[in-house]
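My questions will all concern the structure given below.
The first residue in the sequence is number 1, and the count goes up from there. The structure presented is a predicted model; accordingly, all values stated were derived computationally and were not measured. All values below come from the heavy atoms of this structure, side chains included, with hydrogens, waters and symmetry mates left out.
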Amino acid sequence: MKKTNTGVICGLHRSGTTYIGRILSLSHSTSVIYEPFNDVWGLEYAPPRYTYWRAEDASSYAEEILQKALLFQGSFSKPVSTKSGWRKTGYKLFGGERHLQWNRLKLLQFLRMTPDHVIWKDPFCTFMIDYLSIIYNMKIVCMIRHPCAHYHSVSKQNWSFDISNLTRQKKLLNDYGFGISEHLWEKAKGDNLTSTALLWKIMSRLVTSISKKDNNLLLVRHEDLCMKPEAEIDHICKWLGVCFTSRMRSYVDTTSHGLYAESLNGKEHDFVRNSKALVDVWKSKVPKEKQNIILDIIGEDIKPFYTRNDKTIMDKEAINGNVSV
């Protein structure tokens with residue numbers, strides 16, 4: 001059977017992973033699977049979002065799930081409650097774009113015509129990257145976005161994060177939850193600002209630690225992508241072994257020079273933006289007192305990527321040179 005290279009685009013939700021996936025999908029040799037580990041509309045056997053798997057804890061549970069995903073087994077869930085009318089009937093019968101893409105890959109595998117590269121575009125497998133890299137030797141790109149920018153982006157969508165997705169994982173808390181008070185965990189149960197700040201803090205600790213020992217992990221800041229889109233996409237493509245085609249370059253150029261920094265009318269995804277203006281939008285949108293709360297919670301864990309108040313990397317060596325700049 002033809003060998004297919006599987007890669008991962010991850011990082012917290014609202015950190016640019018969907019945009020990267022969109023660009024990579026323009027490659028004729030690459031298929032992008034969107035959020036297979038989303039426990040609402042991803043694969044029917046997806047674990048809870050932001051599940052933590054360590055390579056040293058290889059388990060039959062993790063292996064069963066990953067083997068199914070790699071072999072295109074099973075199907076995507078169909079949360080039809082989000083649809084209405086004829087869309088609901090059609091979704092029940094055929095599923096959405098994710099289902100069609102998944103079934104296409106099943107057929108290509110049967111015909112032994114799978115693409116050269118399959119990319120999982122999924123923020124919810126970010127805490128699995130140690131396992132995916134060491135056990136499966138996957139190339140991984142992890143997107144990093146300033147925590148205040150991340151908070152602003154999720155707040156615009158009226159999204160919340162259920163902190164119990166973290167607190168029930170004892171190994172995760174033992175490895176990366178040190179120094180966080182019980183009071184803060186309790187507060188996060190009913191406060192989205194606190195819960196998203198803690199999610200960012202844990203993510204920062206995890207990816208910084210793993211990047212020091214893992215040659216398969218590339219960390220890319222959302223801000224660098226916005227300021228130097230073509231150079232960053234070229235770097236990401238080279239990392240994944242995907243050719244950065246003229247078609248992809250044209251798309252990057254078109255989508256980076258929009259009139260507006262933010263999406264209009266609350267759209268979840270609007271890829272045509274003024275990317276340079278997008279970088280600092282959060283500074284005028286997130287009240288200073290909320291910025292301070294977020295940054296106080298994250299504390300020193302922001303330092304490998306940013307100074308406290310802006311987008312500048314403080315210490316590239318702190319993450320072993322794996323941040324793309």
Side-chain angles (χ1 to χ4, degrees), residues 8-17 37 48-57 122-134 140-151 154 161-188 191-223 291 293-309 311-324:
V8 178
I9 305 294
C10 63
L12 300 187
H13 52 292
R14 307 303 293 178
S15 293
T17 59
F37 295 99
R49 59 190 62 188
Y50 293 117
T51 288
Y52 177 50
W53 287 341
R54 298 186 302 190
E56 63 195 75
D57 298 327
D122 199 337
F124 302 122
C125 67
T126 300
F127 291 179
M128 303 176 186
I129 58 177
D130 182 57
Y131 199 102
L132 297 177
S133 171
I134 294 176
I140 298 165
V141 176
C142 183
M143 300 298 299
I144 309 293
R145 191 175 189 180
H146 192 283
C148 293
H150 173 250
Y151 172 74
V154 297
F161 177 69
D162 182 0
I163 201 68
S164 66
N165 290 330
L166 303 186
T167 57
R168 63 170 166 255
Q169 300 185 71
K170 299 306 179 185
K171 288 181 180 178
L172 175 65
L173 297 189
N174 287 339
D175 289 350
Y176 301 110
F178 50 87
I180 300 174
S181 68
E182 286 295 328
H183 168 73
L184 206 54
W185 287 117
E186 283 298 317
K187 182 180 178 183
D191 179 19
N192 194 47
L193 184 145
T194 303
S195 64
T196 54
L198 285 176
L199 174 65
W200 201 99
K201 184 180 183 75
I202 296 293
M203 177 277 301
S204 176
R205 289 177 171 182
L206 182 145
V207 300
T208 301
S209 174
I210 292 175
S211 70
K212 291 178 180 179
K213 63 178 182 179
D214 193 338
N215 293 326
N216 281 332
L217 176 60
L218 175 70
L219 302 177
V220 179
R221 295 187 315 160
H222 182 270
E223 293 77 15
Q291 292 182 31
I293 291 171
I294 292 169
L295 296 171
D296 285 345
I297 290 171
I298 293 170
E300 297 292 297
D301 295 303
I302 201 171
K303 284 189 173 181
F305 306 104
Y306 306 95
T307 60
R308 179 180 170 93
N309 292 313
K311 58 184 180 297
T312 306
I313 287 181
M314 286 194 68
D315 185 4
K316 299 173 189 176
E317 297 302 320
I319 42 180
N320 223 24
N322 281 348
V323 167
S324 175

Say you draw a straight line from OG of Ser15 to CH2 of Trp200; how long is it, rounded to the nearest 0.5 Å?
9.5 Å

Could I get the full list of ring-ring contact (aromatic ring centres under 6.0 Å, His included) partners for Tyr151, not counting sequence neighbours?
none

Could you tell me whether a side-chain N or O of Ser133 sits under 3.5 Å from a main-chain N or O of Asp130, the two making a donor and an acceptor?
no

Check this for me: Glu182, atom CD, are more than 12 non-hydrogen atoms of other residues, nucleotides or ligands nearer than 6.0 Å?
no

Considering all heavy atoms of both residues, which atom of Leu217 and which atom of Val207 are nearest to each other, and what is their separation?
CD2-O, 3.9 Å

Please state whether the rings of Tyr50 and Phe124 are parallel, tilted or perpendicular, taking 30° and 60° as the class boundaries.
perpendicular

Any side-chain heavy atom of Pro123 within less than 4.5 Å of one from Leu12?
no

Nearest heavy-atom pair of Ala188 and Ser195: which atoms, and what distance?
O-CB, 3.6 Å

If you define the side chain from C-beta out and look only at heavy atoms, does anything of Thr194 sit under 4.5 Å from Leu184?
yes

Nearest non-hydrogen partners of Gly11 and Thr126, listed with the distance:
N-OG1, 2.9 Å

Heavy-atom side-chain contact between Ile298 and Tyr306 under 4.5 Å
no

Roughly how far, to the nearest 0.5 Å, is SG of Cys142 from CZ of Arg221?
13.5 Å

Identify, with sequence neighbours excluded, every residue that meets side chain to side chain contact (heavy atoms under 4.5 Å, CB included) alongside Ala149.
Arg145, His146, Trp282

Measure the CD1-CD1 distance between Ile297 and Ile294 for me, rounded to the nearest 0.5 Å.
7.5 Å

Show, in sequence, the C-alpha distance, side-chain angles and deciding distance for Phe305 and Thr208, and conclude whether the side-chain contact (heavy atoms from CB on, under 4.5 Å) test is met.
CA-CA 9 Å; Phe305 306 104; Thr208 301; 3.5 Å; yes

Output for pair (Leu198 CG, Ile163 CD1), nearest 0.5 Å, gives 5.0 Å

Roughly how far, to the nearest 0.5 Å, is OG of Ser211 from CG of Leu219?
5.0 Å

Answer yes or no: is there a side-chain heavy-atom contact under 4.5 Å between Met203 and Phe127?
yes

Please collect all salt bridge (charged side-chain N to carboxylate O under 4.0 Å, His left out) contacts where either partner lies in residues 163-175, sequence neighbours excluded, each pair once.
Arg54-Asp175, Asp57-Lys171

Fit a plane to each ring of His13 and His150, take the angle between them on a 0 to 90° scale, and name the class: parallel (under 30°), tilted (30 to 60°) or perpendicular (over 60°).
perpendicular

Does this structure show an ion pair linking Arg49 with Asp162, if we count only N-O contacts that are shorter than 4.0 Å?
no

Minimum heavy-atom separation for Ile140 to Ile129, with atom names?
CD1-O, 3.5 Å

Between CE of Met128 and OG1 of Thr51, what distance do you get to the nearest 0.5 Å?
5.0 Å

Taking the side chain as everything from C-beta on, heavy atoms only, tell me whether Leu173 gets closer than 4.5 Å to Trp185.
yes

Set out, in order, the CA-CA distance, both residues' side-chain angles and the distance that settles side chain to side chain donor-acceptor pair (under 3.5 Å) for Asp301 and Ser204, then state yes or no.
CA-CA 6 Å; Asp301 295 303; Ser204 176; 5.2 Å; no

Is Leu206 close to Leu172 at the side-chain level, that is, under 4.5 Å between some pair of heavy atoms?
yes

The test is side-chain contact (heavy atoms from CB on, under 4.5 Å); show your working for Asp122 and Val8 and say whether it passes.
CA-CA 7 Å; Asp122 199 337; Val8 178; 5.9 Å; no

